[in-house]
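Below: one structure, written as structure tokens.
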Amino acid sequence: MLKIIFSSEDILRTRVAPAADPLWELVLSLHLLQGRSRDPLSTTWRRGVAQGLRTDPNAERYRLLLALNPPVGYFPDFLTPSASRDGFQAGLEAVRGTPLGRLRRDLTVLAGETALPPSASALARGEPEVLQDLTDTMARYHALAVTPYWARVQAAVEADRARRARAMLDGGAEGLLDSLKPAMRWADGVLEVLDYPDTRELHLDGRGLLLVPSFFCSRTPVALLDPSLPPVLVYPVDRLGGLTPEAGGGRDGDAAQREALAALLGRTRAAVLQVADEGCTTGEMARRLHISAAAASQHTSVLRNAGLLVSHRDRNTVLHTLTPLGRAVLDA
């Protein structure tokens, strides 16, 4: 179990990341790819990515990247720098600029748990060409495994952020922390990650905590090992069907989306789209638009099938938020 210890100042400084973090998504997708999860949402994705890696003319290039990211246990903190919140390229640049001391520390810890290829020794020495090759491989893998799903990643993270925002409005920062159950438990200034793979405590010491919602985080929330780094806790969001076959596109998926989009004409659905811009429940939507709850549910179902809206059930309510495509349609 991981216990994160908060002071009153830490509670005030706790916040949710503004968007999906591209390097966390990349790294956690590698864990999902190599793991044994039987999650039906990931089966087709895993098969497609594995085939893409096998058929790459330079498949050997992925050996180091895969070894650095085993499906369970430790993986290097330097692969997920805080700079990646400024974008994928900024994150890769930060990886290339990792200080030599951090490379050595992280890889020494990893080597104690995982067999590493010979190129890891050159990486531990900070050889620039090896760091460049590593980030080039990360970019190539990202294009194969993450980029085709990025709109769904953003939509799922935005839907989760809407949930956390409502929890914050209703219950303040402690309401936000309490909303992270059942994977986590908040009580008496301590956030417990219940199924964490090892037992340790993280004292925030006035720095606050950055909560990072993640699409590819499989089940258990993840924290950095080094307590001197800015405190981060990455937690899984509802993927909302985002790894099903149609998420990858293709003729059948495109045809289904065209058919669904054709059903969107009409003032009421345009109003539903507008009301969902900042997130609202089915009941709130019905009251604002003066329609029945059944009608609101039917309209949101059409919008959801068209890829313009995502819905998340929380106890006896369903919260609806826009996808990036839905927001683009609304703006247009």
Side-chain angles (χ1 to χ4, degrees), residues 1-7 10-11 13-32 35 65 67-88 90-114 116 120 123-124 131 134-135 138 157 177 180 183-184 186 190-237:
M1 179 188 297
L2 172 65
K3 293 185 177 182
I4 303 177
I5 314 301
F6 289 72
S7 66
D10 291 316
I11 294 174
R13 291 187 174 182
T14 294
R15 66 269 188 218
V16 179
D21 186 300
L23 285 194
W24 272 109
E25 297 298 346
L26 184 156
V27 164
L28 293 173
S29 76
L30 282 161
H31 300 178
L32 185 64
L65 181 61
L68 292 176
N69 292 280
V72 295
Y74 174 75
F75 63 95
D77 289 340
F78 77 83
L79 291 176
T80 53
S82 58
S84 66
R85 292 196 291 274
D86 295 325
F88 185 55
L92 294 183
E93 183 63 32
V95 171
R96 286 191 291 270
T98 302
L100 181 58
R102 177 157 300 283
L103 286 172
R104 288 176 175 169
R105 284 194 300 272
D106 287 3
L107 291 171
T108 298
V109 174
L110 181 63
E113 301 181 4
T114 304
L116 298 176
L123 181 62
L131 281 162
L134 175 62
T135 55
M138 291 170 71
V157 168
L177 292 165
L180 298 170
M184 293 172 266
W186 168 254
V190 178
L191 182 65
E192 298 178 337
V193 182
L194 302 178
D195 197 25
Y196 207 71
D198 61 4
T199 300
R200 63 185 176 100
E201 292 185 353
L202 172 60
H203 292 262
L204 299 179
D205 296 327
R207 295 172 295 172
L209 179 67
L210 179 66
L211 295 164
V212 181
S214 170
F215 183 90
F216 281 103
C217 187
S218 180
R219 186 171 60 89
T220 304
V222 182
L224 297 172
L225 179 65
D226 189 343
S228 69
L229 292 171
V232 170
L233 185 67
V234 183
Y235 65 91
V237 302

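Here, residue 1 is the first one in the sequence, and each next residue gets the next number.
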Exercise. Can you check whether His203's main-chain N or O pairs, donor with acceptor, with Arg207's side chain at less than 3.5 Å?
Worked result: yes
Exercise. Just by modelled atom types, is the Asp77 backbone N or O under 3.5 Å from a matching donor or acceptor in the Asp106 side chain?
Worked result: yes
Problem set entry | Partner of Ser214 by side-chain contact (heavy atoms from CB on, under 4.5 Å), out of Asp21, Val237, Val234 | Val234
Exercise. Backbone N or O of His31 within a donor-acceptor pair of the Asn69 side chain at under 3.5 Å?
Worked result: no
For this session: Spell out, as yes or no, whether a donor-acceptor pair under 3.5 Å connects the side chain of Glu201 to the backbone of Ile4.
Result: no
Exercise. Under 3.5 Å, side chain of Thr108 to main-chain N/O of Arg104, donor-acceptor pair present?
Worked result: yes
Exercise. Are the side chains of Phe75 and Leu30 in touch, meaning some heavy atoms are under 4.5 Å apart?
Worked result: no
For this session: May I ask you to test the Leu68-Thr114 pair for a side-chain heavy-atom distance under 4.5 Å?
Result: no
For this session: May I ask you to check whether Phe216 and Trp24 place their ring centres under 6.0 Å from each other?
Result: no
Problem set entry | Cationic N near anionic O, under 4.0 Å, Arg102 to Asp226 | yes
Exercise. Is any side-chain heavy atom of Leu210 less than 4.5 Å from a side-chain heavy atom of Arg85?
Worked result: yes
Exercise. Does any N or O in the side chain of Arg96 come within less than 3.5 Å of the main-chain N or O of Leu134, such that one atom is a donor and the other an acceptor?
Worked result: no
Exercise. Distance-only, no hydrogens or angles: does the Arg13 side chain make a donor-acceptor pair with backbone N or O of Asp10 under 3.5 Å?
Worked result: no
